[in-house]
Protein chains: 2
Amino acid sequence: MNLKQLSHMLSLSQTTVSRALNGYPEVSEETRRRVMDAAKRHGYRPNPSARRLATGKSGMIGYVLPTGASVDIDPHFVEFLSGLGDYARSHELDLVLSPADADDEETTYRRIVANRQVDAVYLSAPRPADKRLALVNKLGIPFIVHGRSEGFDFDYPYLDIDNEGAFHEAGRLLVQLGHKRLALINGNDRETFAIHRERGMRRALAASGLMLGERHVCSLTMTEENGYRAARRLLEDSEPPTAIACSSLIMALGVVRAVRDLGLTIPGDLSLVAHDDVFPWLRPENFPVPLSTTRSSIRLAGARVAERLAARISGLEEGARGEVWPVDLVVRGSVAGAPV
Amino acid sequence: MNLKQLSHMLSLSQTTVSRALNGYPEVSEETRRRVMDAAKRHGYRPNPSARRLATGKSGMIGYVLPTGASVDIDPHFVEFLSGLGDYARSHELDLVLSPADADDEETTYRRIVANRQVDAVYLSAPRPADKRLALVNKLGIPFIVHGRSEGFDFDYPYLDIDNEGAFHEAGRLLVQLGHKRLALINGNDRETFAIHRERGMRRALAASGLMLGERHVCSLTMTEENGYRAARRLLEDSEPPTAIACSSLIMALGVVRAVRDLGLTIPGDLSLVAHDDVFPWLRPENFPVPLSTTRSSIRLAGARVAERLAARISGLEEGARGEVWPVDLVVRGSVAGAPV
DNA sequence: AGAGCGTTCCAAAGCGCTTTGGCTCGTTTG
DNA sequence: CAAACGAGCCAAAGCGCTTTGGAACGCTCT
């Protein structure tokens, strides 16, 4: 059933039927009702390919997925996706993943914009002065950044959590507990979130005249193994930290293992706080010693990004609105006063 | 730059230019070269929306993503995606994720097929007599199943690993080591892979006259917490197993924690084998006691599925070819002879 | 020489929608 | 009472590609 057939059986022009269906005003209410009714009865659904050719709108949102033999997709992605899908579903919005060479995402961005494959895109894990962001901004496609970048002379719409605040809180807590030698096991420090976390931590220490030593900051991809290695290196130092803040639950697994291997205990010898993005399959309260966390559901963020993208597509949202979510600090058994 | 302009500047018809570009034979080699050359020089790219309307082909592959507030996307998904993207990238194939109500995926399948949104789809985590599979088969869109179903009167193309064989091997190893009371901590037993694994395990035991007791099989969503719970229940039983096979590394984390909590040791009190889908962020060799695994890279599977989907789209692959990959059994420190 | 044929090209008809630019009424306005 | 106007509808022109059904041409073959 296409528009032609439908309009023919209604003895109306395609124009009128199309307008009736799309809510244009130059159609009488009675006609509209007739059309709507017939459309529903015959299960008419406009052909998206045709509509797309005519309007240039695709009804999809896009994401450029960096890939490559040595490129791992962040496991957080799937949780974000859950949230995104959750919202998108109710709006019949599909998501297009365009895999790109991790070393050359630009080509892919240009392609999907030139081809009008999607109505909007979102970017994640931005870096300071991230080229993708500048590019997408220049290309003029609606977008939202999940996370933040820095160092641009323009504003842009984003959704981020208060990473600096979160690690400031975490740091402050540890300092209040009397810890003097703190360490940070961070994510890749080319990404803004990691920079913000380090900044927050430093600020908390500075407030008490403390410093985060060079040797006490690690920036690594967030794997269990890297958490382990970083923790071993830190704890085997001549002046080991008495408290560690860690950027992910997965790394925290490695930290816990290292602590064990060294015959130390949490929180007796080491206090530990980690950031929790809220995975259904790994929960901080189930760590050997329940883990204190800075918590923020990445899934909710996904849903919110989808919502805002939809709003941007339909013109309800405009401008460079930044949105920063506060982060909960949840104290559990993994922190205690500094050992004497 | 569109076809009209390009053909005009070449003083050729659109027909000829289109044919030259798409490799049709009714164009002289010289003309083809001229056209190709001009197209490249002017950066001409056919408009996909137009091509799509004309041909009905979209150049995308689809996946229906079940979502819902209480539906979690499997973390394996992201690894599979890595592989898929890796292949798709080199072929400019995009992936469309269509979120669907987890309780009604059918509507979404029908929609994407009716709309011709994608040229092929893949399904994952099939169940026996999976309705989606029957549906997709009926709708006639090219597809591949990642995993297997059972109980159909038709064949279908799939890619699966030898789950039964893997757990048969694992079970046999444990039996050979003298274990008599074995247990299985499995994934959701409505999914075929879990059924196959149980089958393999039972077969291994049966070969030595052993049985897998009712109480010694757990089927749960693969989370750390469920692994912990299952292990506690098993180990606190009056006749605890001396060996456990576990369907995922994530669950194995929970098992290890439970063993610790109960003051037991691996492999002294309990031998443990788990299935490893090969996550970059959690590796069996990094478990407190290096974990023996049945290993199969889900990422490679993703790449292979993409490859086969592409082949199906272009007509290179046809029919109901099933492909079953063998699984490596990797023995590490977590297994030992049964305690006396 | 005329028929037959393969090669190379083209004009035009789709694909199914949206949107522009009227056209036809009946109603209001000066 | 003519002019102006708005409401409601329509025909047709896109959107940019693919594909059908020739046409023109130079050959070969009888």
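Each chain gets a letter, A, B and so on, in the order the sequences are listed, and its residues count up from 1. Scope of the values below: all heavy atoms of this structure, side chains included, with no hydrogens, waters or symmetry mates. Since we're looking at a predicted model, the values are computed, not measured.
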Trainee: Answer yes or no: is there an ion pair linking A:R321 with A:E317, defined by an N-O contact shorter than 4.0 Å?
Mentor: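 Answer for the salt bridge query: yes.
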Trainee: Please state how far atom CZ in A:R52 lies from atom C1' in D:dG14, giving the value in whole angstrom units.
Mentor: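 One finds 18 Å between C1' of D:dG14 and CZ of A:R52, rounded.
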Trainee: Between A:E105 and A:K131, does any side-chain N to carboxylate O distance fall below 4.0 Å?
Mentor: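 Answer for the salt bridge query: no.
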Trainee: Could you check whether any side-chain heavy atom of B:I61 comes within less than 4.5 Å of a side-chain heavy atom of B:R312, counting everything from C-beta outward?
Mentor: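 No; the side chains remain at least 4.5 Å from each other.
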Trainee: Counting only side-chain nitrogens and oxygens, does A:Y24 get under 4.0 Å of the OP1 or OP2 atom of C:dT19?
Mentor: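 So the side-chain polar atoms of A:Y24 do come within 4.0 Å of the phosphate oxygens OP1 or OP2 of C:dT19, strictly under.
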Trainee: Which label fits B:Y156 and B:Y158: parallel for a plane angle under 30°, tilted from 30 to 60°, or perpendicular past 60°?
Mentor: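 It falls in the tilted class, 30° to 60°.
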Trainee: Using whole Å, report how far CG of A:N115 lies from C1' of D:dC15.
Mentor: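 One finds 15 Å between C1' of D:dC15 and CG of A:N115, rounded.
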Trainee: Let me know the distance between CG of B:L53 and C1' of D:dC17, rounded to the nearest Å.
Mentor: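 Distance check: B:L53 CG to D:dC17 C1' gives 8 Å.
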Trainee: Identify whether any heavy atom of A:T55 sits under 4.0 Å from a base atom; if not, whether one sits that close to sugar-phosphate; answer base, sugar-phosphate or nothing.
Mentor: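 Answer is sugar-phosphate: A:T55 comes under 4.0 Å of backbone atoms only.
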Trainee: Which class fits the ring pair B:F80 and B:Y122: parallel under 30°, tilted 30 to 60°, perpendicular over 60°?
Mentor: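 Ring orientation, 0 to 90° scale: tilted.
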Trainee: State plainly whether the residues B:D37 and B:R33 are in salt-bridge range, i.e. N to O under 4.0 Å.
Mentor: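 Salt bridge: no.
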Trainee: In plain terms, say whether B:R148 and B:E323 are close enough for a salt bridge, that is, a side-chain N and a carboxylate O under 4.0 Å apart.
Mentor: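 No, B:R148 and B:E323 are not salt-bridged.
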Trainee: Judged by each residue's nearest nucleotide on DNA chain C, which is more toward the 5′ side, A:K4 or A:R19?
Mentor: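 Result: A:K4.
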Trainee: Can you measure A:L3 atom CG to D:dC9 atom P for me and round it to whole angstrom units?
Mentor: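 Rounded to the whole Å, the gap is 15 Å.
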Trainee: What's the CG-P distance between A:N47 and D:dC15, to the nearest Å?
Mentor: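 Distance, rounded to whole Å: 19 Å.
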Trainee: Closer than 4.0 Å, any side-chain N/O of A:Y44 to the OP1 or OP2 of C:dC17?
Mentor: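 For A:Y44, the contact criterion (side-chain N or O under 4.0 Å from OP1 or OP2 of C:dC17) is met.
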Trainee: Can you tell me if B:S13 touches the phosphate of C:dC9, counting only side-chain N or O atoms and a distance under 4.0 Å to OP1 or OP2?
Mentor: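 Negative; the distance criterion is not met.
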Trainee: Rounded to whole angstrom units, what separation is found between the CZ atom of A:R45 and the P atom of C:dC17?
Mentor: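 Going from CZ in A:R45 over to P in C:dC17 covers 12 Å.
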Trainee: May I ask you to say what B:S7 touches in the nucleic acid, namely base, sugar-phosphate or nothing, with a heavy-atom cut-off under 4.0 Å?
Mentor: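 Nothing, no nucleic acid heavy atom in range.
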Trainee: Any N or O donor-acceptor pair under 3.5 Å from the base of D:dT19 to the side chain of B:S18?
Mentor: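 Not at all, since no donor on one side and acceptor on the other fall under 3.5 Å apart.
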Trainee: May I have the distance from A:L10 (atom CG) to D:dG8 (atom C1'), rounded to whole angstrom?
Mentor: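 In whole Å, D:dG8 C1' and A:L10 CG are 16 Å from each other.
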Trainee: What is the separation between atom CD on A:Q14 and atom C1' on C:dT20, rounded to the nearest whole Å?
Mentor: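 After rounding, the gap between these two atoms is 15 Å.
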Trainee: Can you tabulate the close N/O pairs, meaning under 3.5 Å, that link protein atoms to atoms of nucleotides 6-8 of chain C?
Mentor:
none

